[in-house]
Visitor: 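Below is one structure. I have some questions about it.
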Amino acid sequence: CHNNKVKMVPLTIFVAFFVSIVIVGATDPKDPSRPTFHYTRPYGWQNDPVPFYDTRTQTYHIFPLCNPNATTQWTLPTDHTAWCHASSADMAAWTTHQPALMIGPWPGEKGVGGTGNIVALSPTSQAATKLGASTAAVTAGAILWVSSDPGLLNWTLIGALNLPSSPSQMKLCGDVHVYEVGGMWRLLISASTGDCAKHGIPAILAYTSPNLTPGSFKFSSVLYQGTEADGARFECPSYFHINGSDILLFSKISDYHSHYATGTETNGVFTPITTGLLEYGAGYANEGFLDGNGNLMMFSWIYPMRGQVNCKNNEGITLEGCWVNAQSIPRQLTLLQTGELQFSPAKSISTIIGPGSGTGFNMKPNQRQQQGQSSYEVGIVNVEFKAKYYTTTRFGIDLFVDEESAVNGTGLRLWVEVTKNSEGKATGNMYLCNNCKFPMSGSPIPRGTLMVPLATNSTQIPGKFDFSANLWLDTSIVEVFINDGESVAVMAIELPSDYQSKGTSIWNEKAFMDVTVGSSSIFPPTMNSDPGPWNPQ
């Protein structure tokens, strides 16, 4: 787990704010806290995602690291570590399968280590011929698995790829990413000048092979090296070449956030030009992959989450909470001319979005507008605020509130605080808080609030500010796409027990404001199906 630290920022400005929220339908009747369209396992622990799109079968797969038969993270060698497995045609409705990778290569251990990725092998390639397979998976520590099953249900362990030491004698830390380029296979692996845990400088090393077989890899270069401030190792690296630029995704153990860097690679060394966070809040271990159209997509692990209803696993053992943690909705990453990444929900999941409705109105300073419509525990809500004629202002939207709790702030609150400088440029932060206990004005920011810094909003008309957000609500998760995908915020939430009677409240301070509010329903997909019995080995 990690804590989100909130910084207090003084504000002055006039604002325009657009928020969009998605609202979905019924949730799991057995557990009201189970998300509807975020993937959760029927039971057991899950964390880092390993996504893969198979162009041969036009199927999306996700292989989350998991402890498939328990709701605690694994403890080796007594527990199972595995790559669990689910598949989907659209990344909205998922079918859960038996765990894919179970047998570990280390004596006395049952696990498969950490994250890696999956690649398709061309039928005429050296790799396919030598390995006798159509698909390969490389897990942390550079361990090779292969499959010829079109559904990727059955896998065979080949063993360690036996990477040679680097000239710098860095210690290999585990997580890997492998891909084919120019007829050669390239493997990236997390490394460190220290112990990979508490001491050392993190790096990502590159190795190459003609055929992806054990013993065939040679050291190529230190692709990227961080600083001591980044922690002793990087986790979950993935690397892509998009529109003439190179994109590196990785997670830092120093801040427990996932980051990106865009730039160029020369002679095996990646030089970042633009850097940023992949998301703010309760997401980690973000992993990228390419869809059938070559678009860069991503999942992240959302934590800490736990079900509210106990269940029994296939061994008859009662699991407290039944399921633990979820996967984010799939996101598309678009490279902008500035080198920054823009984030949006995957287009394929639009199949679950129902018809929407909206309304617009004006607000005066220090005014609250109570919406007559009900808030839903699952769905999309859209709101736009356009503030003007102010020095500093604060405005926002409260969800799952009635008239009394809207004043006291006992639901889910998203708000923005902004200020303008002498040049008329506005800066500020967005905040997200679950069950905040404070009135609309005059209170400090509560502990546990998630803060997201906003990009400078420059306008030709001084004293104006535009802000937009798109909120995807899913029972116990909210994902917020801010300012047309400028950034993403994620929070695990707990709804009030009587949320059925709650509504939506819009409020603003010290500004005149134009507001637009919209919402859409979501058709619950058929997902989280029972994987059936499986036999641990």
Side-chain angles (χ1 to χ4, degrees), residues 19-42 49 51 53 58-62 86-97 291-292 295 297-300 302 305 307-309 323 326-332 343-359 371-383 397 399-400 412 469-481 485 488 490-493 495 499-504 516-531:
V19 180
S20 142
I21 303 174
V22 179
I23 300 189
V24 186
T27 56
D28 185 345
K30 298 180 181 179
D31 184 351
S33 67
R34 186 187 287 273
T36 297
F37 58 91
H38 287 79
Y39 177 70
T40 56
R41 285 191 48 76
Y53 178 72
Q58 297 182 342
T59 303
Y60 294 95
H61 297 265
I62 190 167
S87 63
S88 173
D90 57 7
M91 296 188 287
W94 292 92
T95 298
T96 299
H97 306 289
D291 69 5
N295 297 313
M297 313 297 292
M298 184 185 74
F299 280 93
S300 72
I302 299 179
M305 301 183 65
Q308 297 179 356
V309 178
W323 59 272
Q327 302 297 330
S328 70
I329 61 173
R331 305 170 195 159
Q332 180 171 332
F343 310 93
S344 60
K347 295 180 181 178
S348 65
I349 63 174
S350 63
T351 55
I352 65 174
I353 301 176
S357 61
T359 183
Q371 297 296 106
Q373 65 192 54
S374 298
S375 293
Y376 294 81
E377 70 273 24
V378 186
I380 304 172
V381 178
N382 303 310
V383 180
I397 179 171
L399 302 171
F400 315 117
L412 174 69
N470 176 249
L471 289 77
W472 290 67
L473 297 164
D474 193 5
T475 307
S476 52
I477 298 173
V478 58
E479 295 194 47
V480 186
F481 294 83
V488 180
V490 181
M491 177 176 282
I493 62 175
L495 299 183
Y499 66 84
Q500 294 92 341
S501 65
K502 305 293 185 176
T504 300
T516 304
V517 184
S519 64
S520 301
S521 60
I522 290 182
F523 302 115
T526 302
M527 60 185 299
N528 292 322
S529 56
D530 188 343

Visitor: Kindly assign one of parallel, tilted or perpendicular to the pair F299 and W94, based on the angle between their ring planes and the thresholds 30° and 60°.
Guide: perpendicular
Visitor: For F343, enumerate each residue passing the ring pair (Phe, Tyr, Trp, His ring centres under 6.0 Å) test, keeping only those at least two apart in sequence or located in another chain.
Guide: none
Visitor: Can you check whether D291 reaches Y60 side chain to side chain, under 4.5 Å on heavy atoms?
Guide: yes
Visitor: Can you confirm whether E479 sits close enough to S328 that some side-chain heavy atom of one is under 4.5 Å from a side-chain heavy atom of the other?
Guide: yes
Visitor: Would you mind reporting whether S476 and H38 have side-chain heavy atoms less than 4.5 Å apart?
Guide: no
Visitor: Who passes side-chain hydrogen bond (donor to acceptor under 3.5 Å, both in side chains) against S348, sequence neighbours left out?
Guide: none
Visitor: Is the closest side-chain heavy-atom distance between Y53 and H61 below 4.5 Å?
Guide: no
Visitor: I'd like to know if the side chain of D474 reaches the main chain of F37, judged simply by a donor and an acceptor atom lying under 3.5 Å from each other, with no hydrogens or angles considered.
Guide: yes
Visitor: For the residue pair I349 and I329, establish whether any side-chain heavy-atom pair is separated by less than 4.5 Å.
Guide: yes
Visitor: side-chain hydrogen bond (donor to acceptor under 3.5 Å, both in side chains) with T59: which residues, sequence neighbours excluded?
Guide: T57
Visitor: Find the distance between CZ (R331) and OG (S300) and round it off to the nearest 0.5 Å.
Guide: 4.0 Å
Visitor: When you compare the side chain of I353 with that of W472, does any pair of heavy atoms fall below 4.5 Å?
Guide: yes
Visitor: Could I get the full list of side-chain hydrogen bond (donor to acceptor under 3.5 Å, both in side chains) partners for Q327, not counting sequence neighbours?
Guide: Q46
Visitor: Within a strict 4.5 Å, meaning less than it, do heavy atoms of the M91 and Y39 side chains meet?
Guide: no
Visitor: Is there a donor-acceptor pair under 3.5 Å between the side chain of D31 and the backbone N or O of Q308?
Guide: yes
Visitor: R34 side chain to T475 main-chain N or O, any donor-acceptor pair under 3.5 Å?
Guide: no
